[in-house]
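Here is the structure we will look at.
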Amino acid sequence: MRYSVVEGFRVSNVDGDEHALEAHLDAMLDAMLDAGAIDADIGGSLASGDVQVSLMVEASSFEAAQAAASKLVNGAIHAAGGFLVDSRNPEEPSSRPAFDLRSVGAEVVSS
């Protein structure tokens, strides 16, 4: 089945530099598409750092769809030079964009 998955993030460590965040998100989108993401898109507010990443994946269940999408998105975050905030160490010092996962949703698009 094909699932549409949306992950919401709060991005920090960009010091209000909307151009730097936009360049990072563009690099993320390129990395997701290169990794095989289907209909990937990134939107949100550059000013606030709240972004949503949407894509479609082929999977056998909601859980598998979320796992596949997370793998693609996380890989793209790292490929573009960012990192995921780890709840065990949320204050990792870095000048790289930090992505704090806020939400995940998936729905069946076709079977």
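Nothing here was measured: the structure is a model prediction, and the numbers come from that model. Quick note: residue numbers are just sequence positions, from 1.
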Interatomic distance, CG@Asp34 vs CG@Leu29, rounded to 0.5 Å, equals 9.5 Å
Among the clusters formed by ILVMFWY side chains lying less than 4.5 Å apart, do Val6 and Val108 turn up in the same one? no
For residues 42-58, the salt bridge (Lys or Arg N to Asp or Glu O under 4.0 Å) pairs (sequence neighbours left out) are Arg2-Glu58, Arg10-Asp50
Measuring only between side-chain heavy atoms, which start at C-beta, is [X] closer than 4.5 Å to [Y]?
X     : Y     : value
Val11 : His24 : no
Phe83 : His78 : yes
Leu25 : Leu21 : yes

Specify the closest pair of heavy atoms between [X] and [Y], including all atoms of both residues, with the distance to one decimal.
X     : Y     : result
Ala65 : Val57 : O-CG2, 3.6 Å
Glu7  : Ser70 : OE2-OG, 2.6 Å
Val5  : Ala69 : CG1-CB, 3.6 Å

Only residue of Glu22, Gln52, Met32 satisfying side chain to side chain contact (heavy atoms under 4.5 Å, CB included) with Ile42 is Met32
